[in-house]
Amino acid sequence: MSNISGKLAILQLACALIVAAVLFWVLDKQLSSRMQENFTGQADVVTSALAKSVEPALINRDITSAQSSLDAVLSVPGVQWAYIEAPDGTVLAHTFVPQFPPALKTLLAGRADRTFVSLAGDRGSTLVMRKPVLTGIVGQVYIGFPLASLYASIHSMERVVLVSIILVMLVVTLSIALVTESIIRPIRSLTEAACLLSTGVGNTFQPLKIRSFDEIGVLTGAFNRMAAQVVEQHELLEARVKERTEALSVTNAGLAAEIAERKQAQEALRESGELVKLLLEGAPEAIYGIDTLGQTTFCNNACLKMLGYEAASELLGKNLHNLAHHTKAGGAPYPIEECQIYQAFKNGEDTHVDGEILWRRNGSSFPTECWSRPIRHGEAIIGSVVTFIDITERKLAVEALRRAKVTAEEASRAKSEFLANMSHEIRTPLNGVIGMTNLALETELTQEQREYLDTVKLSADSLLSVINDVLDFSKLEADRSDLDISDFDLRENLETTMRTLALRADQKGLELLCEVAPEVPKMVRGDPNRLRQIVVNLVGNAIKFTSKGEVAVKVNANGTEGAISFLQFTVSDSGIGIPPEKLKLVFEPFTQADSSTTRNYGGTGLGLAISTRLVEMMGGRIWVESQPGEGSQFHFTASLPPSKDVPADTGTMAPPEILSGTRVLVVDDNHTNRRILLGLLKIWAMRAEAVESGELALKELSAAEQANDPYGLILTDMHMPQMDGFDLTEEIRRRPDLKAATIMMLTSGGQRGDSARCEELGVAAYILKPVRQSELRESIVRALGSTRTKGPISLITRYSLRDERDHGETPRVLVAEDNPVNQLLATRLLEKRGYFVRVVGNGRLALEAIAKDPYDVVLMDVQMPEMDGIEATSALREREASAGTHLTVIGVTAHAMKGDRERCLEAGMDGYLSKPIRAKELDEVLALHSAPRTRAPAGKRKIAVG
Amino acid sequence: MRVDKWRYRRNKQAEAQAEAKFLTVSRGAAVIVTWALAFLSSIDAKGVDTVRSAILPPIVIGVSNVQSGPSSELGHELVLGSESYFNLVNDNGGIRGRKLSILVRDDKYEPDPAVRNTNDLIENDKVFFLFDYIGTPTLTRTLPLLRYYESDDIVNVAPFTGADPQRLPPYDRFVFNIRASYHEETRALVRYFYSKGYRKIGLLTQADAYGKSGELGVNEALGAFGLTAAKVVTYRRNQPFDTHMSPQVKLLRDSGVDAVIVVGVYGPSAAFIRDSRLSGWNAPIANLSFVGATTMLDKLLEVSKKLGKDLTINLINSQVVPSPGDLRYPLVVEFRAHAAAKDCTFTGLEGWLNAAVVTEALRRTGPNPSRLDFIHAMESLHGWDPGLGVKLEFSSTNHQGLHTVWLTRTVNGGWSPEELP
């Protein structure tokens with residue numbers, strides 16, 4: 001137990017005791033006085049009642065009946081005795097057993113109507129109440145209420161209060177102790193870790209878990225960094241040791257060469273043995289010579305020193321193996337026959353032994369590296385020269401290196417796991433913050449409060465996205481993420497992905513383009529969500545770092561490597577670009593090309609790191625090409641083989657009859673866009689041409705007219721320099737020779753009133769970019785079809801829906817919701833969007849309202865009193881089954897659980913929103929579900945009439 | 001005619017006893033409906049009447065008294081006496097073909113259950129009249145109910161208590177008291193003691209309305225001689241026989257009384273007598289009829305046998321019926337003929353008497369009588385002798401039937417008639 005917790009515990013205990021004592025004192029005082037009041041009050045009432053009830057009996061002088069009343073009073077709890085006194089003071093009737101206490105009358109003489117007496121034989125005193133009967137003319141009644149029962153109930157109350165207080169204090173003290181312990185524990189583990197680190201056991205240091213983000217958390221973090229530095233220093237040391245070891249082996253090699261030389265010189269030096277001896281003595285390595293019998297013939301100083309001998313005479317003539325090489329490292333005896341050193345002169349070959357141990361004279365040992373070389377005299381081997389060095393240092397270094405590596409790996413894994421866990425821990429409360437903020441925002445707020453909460457929401461949202469990134473990254477790092485492989489439609493996937501990004505691009509005025517090469521299979525096998533994550537990240541980044549121009553996504557088949565099919569994705573932008581020296585860095589976690597960009601553009605810098613990991617998991621690679629100021633191209637490849645179960649389909653759908661052969665003119669200032677459209681149109685066997693401006697389009701149209709091969713369809717972009725889509729259309733309409741052409745307008749961002757203008761100009765459709773392949777095809781088919789049948793058909797987007805109500809046809813929404821706040825919220829949101837809103841309180845009222853008035857959409861709360869949303873919808877669907885109609889019902893539920901959606905859809909709802917209703921989601925759902933109604937207005941009228 | 005009837009009764013005696021036993025056993029269920037056994041008598045000369053009686057609804061008589069607890073013997077004996085008589089009537093075809101049945105509810109000798117039972121008997125069971133109630137504290141509390149149901153003409157007949165409230169206005173008109181009052185009993189006892197020379201008379205009373213009623217009676221009687229009770233002590237109601245009464249004995253003895261009148265019930269009374277005699281105090285002790293003299297004596301005899309000391313000496317008991325062994329009275333003879341020897345108690349005899357009186361009244365009503373008819377019939381029982389050598393004195397202004405008190409004293413462990421002074 002740490003000292004701090006002990007002190008805190010004593011403090012807590014003291015506080016708890018004081019609080020308990022005060023609490024008990026106050027409660028006891030209050031409650032007992034209350035109980036006493038009750039007691040006397042009750043006594044008073046009982047006595048008065050008795051006085052009343054004996055009155056007629058006393059008037060009749062019917063003492064028996066009076067006694068009967070006394071008898072009855074005894075059954076009242078708290079009453080011990082009672083008696084009636086005649087006006088003359090005689091006792092008329094009483095309930096005492098065995099007799100009326102003679103002392104009682106003297107005790108009560110002259111006392112007040114309410115008094116306390118102590119009778120002999122009674123324990124404690126008794127409250128005596130006196131009441132006159134008929135103002136005392138016929139007598140007085142007395143009732144004795146022993147206080148013992150009052151005290152008993154006070155004592156039992158005290159016991160209960162005391163036990164409750166003790167229990168509460170116990171719980172409080174325990175909880176405080178637990179909380180304190182949880183605060184102290186990290187401090188303690190910090191202390192222990194610090195001790196461990198300082199005593200040098202720090203090699204195996206593990207980073208401490210940060211359990212909170214308070215001061216202790218910060219301290220722990222700082223400690224971890226410090227410890228990491230210590231470990232790093234350690235690693236540096238290892239590196240240095242390694243360097244040294246390498247240097248040493250170079251030296252050794254040199255030495256070996258030197259020895260060889262020396263050997264040659266030996267012959268020459270034979271005469272000058274002194275010189276040789278001097279040389280040998282000077283060598284830093286231990287050197288000794290043995291003759292063919294294994295006896296030492298020579299040894300130098302280094303040898304003596306290493307083996308711990310003083311003079312050469314101690315070794316000369318002895319078998320050095322038996323002196324210093326007799327036992328192996330494990331403790332087993334080392335027979336001389338096995339000794340490599342002796343093999344040198346037996347076999348006449350050089351031997352090299354590394355890692356064996358030699359024994360010093362004092363019995364200690366050291367690891368050694370040994371070279372043994374036969375000494376030849378002419379052809380005959382006369383012995384061997386042995387060189388050895390002490391490799392203790394090197395051994396230690398290697399061992400330390402290995403340990404450091406293990407530690408580092410463990411630390412890395414622990415870090416990632418910690419991150420993964422932590423992110424979860426943070427996300428949970430953060431979700432609470434966001435959810436509650438959203439809820440708070442839907443309540444009545446002052447402007448100031450709303451601004452504050454908006455800021456909270458914004459901050460929380462961005463914090464959540466940061467944490468999501470971190471979590472995702474750490475999961476990938478910790479190898480806790482797997483791909484979820486399934487067959488999916490690549491184009492569909494990309495188109496929906498682009499749609500979510502289109503709004504952001506449009507807000508910045510950017511063109512967002514997507515092009516999938518025809519040879520790319522329609523259905524592929526892979527993880528659609530992870531692919532989408534990569535694309536969203538890359539495109540999101542591109543949008544972020546591009547202020548004008550375009551962002552384009554291109555997908556090409558990248559051939560197959562063995563059995564694996566690769567697709568190459570390219571996301572190019574016209575943004576700020578990346579300087580060459582930073583190109584590698586962008587894929588590193590927590591990095592952006594420039595730390596200043598981080599400030600400008602925000603974000604964690606994890607996106608690309610995550611994408612890199614994901615791409616690697618998909619068997620591909622990611623790279624970037626960029627020049628500062630000229631935009632960037634991010635490429636990645638991924639193994640997305642064509643789905644086996646689905647026949648390979650390049651995405652071309654059988655072109656409807658109406659399309660094939662029709663001449664189409666594409667007018668768009670953006671080159672990529674033109675290319676994409678042309679590609680699509682050609683797939684559908686349309687004869688398509690493209691021009692880059694309105695002026696050129698007019699020219700082309702006239703030319704075609706004159707060539708008697710007019711264009712049946714014009715696809716024009718709305719935003720173009722000089723002459724925009726509207727100008728072009730007006731111009732075409734103005735010229736009688738060109739009037740016949742069907743015009744479709746493409747736009748990347750709809751403005752209010754655009755569709756009205758389109759209609760005014762006779763534009764057949766107006767479509768939001770990026771265009772889904774299927775949508776474009778359908779639109780063209782409809783547009784051309786309507787031209788043939790001479791009936792106007794407008795294609796509806798969510799923007800045109802809004803415009804429609806400007807034409808006097810206000811969509812009618814019925815809101816079934818019981819909560820007044822939510823009623824208000826829904827009404828506001830919808831009215832702001834120009835809907836006619838009617839609110840009802842439950843499902844039954846909703847059904848009534850639907851029967852009475854026509855509605856376009858019903859927002860149906862799932863949980864309502866009387867009749868809930870599920871029940872109401874089922875009833876509505878049943879009713880509709882006979883009428884053959886269908887009213888769009890969108891469920892609204894408070895808990896966005898997984899099963900809710902299924903329940904809603906099962907009941908026949910068309911869509912589903914989770915509370916709190918967010919404006920954005922409401923827009924999306926309404927756009928999605930109100931479309932069919934306008935497409936088939938006739939059906940709707942039927943409901944209105946029937 | 002009388003001889004025929006007698007013979008018939010003898011034939012049916014065994015069956016009546018078996019039935020009575022059965023009823024005693026099943027009394028725990030609190031509801032007992034007695035049906036005549038007429039169907040069994042193939043030799044019945046009144047066969048036609050019998051068959052008709054099976055069709056007519058019985059006259060249901062409501063009883064609430066003590067059927068459990070320390071004083072339950074009183075209730076058992078009283079009801080058994082009445083039932084035996086009604087069985088006899090029913091065996092003879094009932095009254096104009098209608099059987100008499102009694103519905104018994106247990107009030108444990110406590111006021112509150114008595115009130116509830118009375119209300120139930122009137123409201124739910126729609127009994128013809130109330131009958132055989134026992135005890136002053138219980139009956140006194142039910143009296144206001146009779147006034148409450150005044151318009152229903154419901155009356156309480158023959159309560160087993162001699163207290164005043166039901167004999168005095170305003171409740172006297174709702175009750176027909178057959179037995180003499182406590183005043184009459186205590187007066188007899190006081191006169192008896194006075195004539196024997198006792199002057200310092202002490203009282204042991206139950207600490208409730210019964211005790212008070214007795215105390216008032218004693219004091220009134222003593223007042224005639226210019227005396228008052230020398231000492232009054234009390235005991236708590238519903239005490240069993242093993243209660244210690246030594247404090248009461250000591251108080252009375254220390255105050256120097258020379259005779260004691262006990263206003264109590266057999267359990268505590270016997271306990272008092274036991275503790276008096278064991279303490280060596282042999283002053284005469286008198287009890288009122290309510291005590292349940294037979295049961296009290298049985299208890300004392302039991303202890304006497306156990307201790308080898310006769311505790312039954314010098315006991316006097318006032319009674320409102322003659323001794324069940326006194327065959328000078330036709331009613332006693334009749335009763336003994338139809339009751340088992342062990343059931344021949346004072347209380348049982350009173351039950352028999354009560355039943356005989358109401359049967360006579362019912363006989364005097366016309367067919368299909370109303371409650372008012374019954375009240376008038378009861379009030380007509382003036383000068384009619386139920387077989388006790390005295391005549392009932394009921395009239396429209398007098399609801400006290402008898403005033404006669406019999407005294408008994410213990411002789412060799414049994415009650416013997418004692419002459420009134």
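Below, chain A is the first sequence line, B the second, and so on; all start at residue 1.
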[X] versus [Y], closest heavy-atom pair with distance:
{"X": "Q67(A)", "Y": "A209(B)", "result": "CG-N, 3.2 Å"}
{"X": "A207(B)", "Y": "D71(A)", "result": "O-OD1, 3.9 Å"}
{"X": "P165(B)", "Y": "S65(A)", "result": "CG-OG, 3.5 Å"}
{"X": "L74(A)", "Y": "R236(B)", "result": "CD1-NH1, 3.4 Å"}

Original post:
Between I63(A), N60(A), D62(A), which residue shows the highest count of heavy-atom pairs closer than 4.5 Å to chain B?
Top reply: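 Option with the top pair count is I63(A).
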Residue [X] excluded, over 12 heavy atoms near [atom1] under 6.0 Å:
{"X": "Y148(B)", "atom1": "OH", "answer": "no"}
{"X": "R879(A)", "atom1": "CZ", "answer": "yes"}
{"X": "R111(A)", "atom1": "CZ", "answer": "yes"}
{"X": "H244(B)", "atom1": "NE2", "answer": "no"}

Original post:
At a heavy-atom separation under 4.5 Å, does T136(B) approach chain A through its side chain, its backbone, both, or neither?
Top reply: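 Interface part for T136(B): side chain.
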Subject >> Summary of salt bridge (Lys or Arg N to Asp or Glu O under 4.0 Å) pairs that have at least one residue in residues 261-280 of chain B, sequence neighbours excluded >> reply: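 Sorted pair list comes back empty.
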Subject >> Proximal component of A57(A), with respect to chain B [non-hydrogen, under 4.5 Å] >> reply: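 Neither part; nothing is under 4.5 Å.
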Subject >> Pick from T140(B), L216(B), V232(B) with the largest number of heavy-atom pairs that fall under 4.5 Å of chain A >> reply: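 Of the options given, most contacts go to L216(B).
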Original post:
Is a side-chain donor or acceptor of S213(B) paired with a backbone partner of T64(A) at a separation under 3.5 angstrom?
Top reply: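 No, S213(B) side chain to T64(A) backbone: no donor-acceptor pair under 3.5 Å.
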**OP:** Quick one: pull up NZ in K212(B) and NE2 in H94(A) and give me the separation to the nearest 0.5 Å.
**Re:**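 Spacing of NZ (K212(B)) from NE2 (H94(A)) equals 6.0 Å.
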Original post:
Going by residue number, which parts of residues 248-271 of chain B are within reach of chain A, meaning a heavy-atom gap below 4.5 Å?
Top reply: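 Expected list: Q248(B), L251(B).
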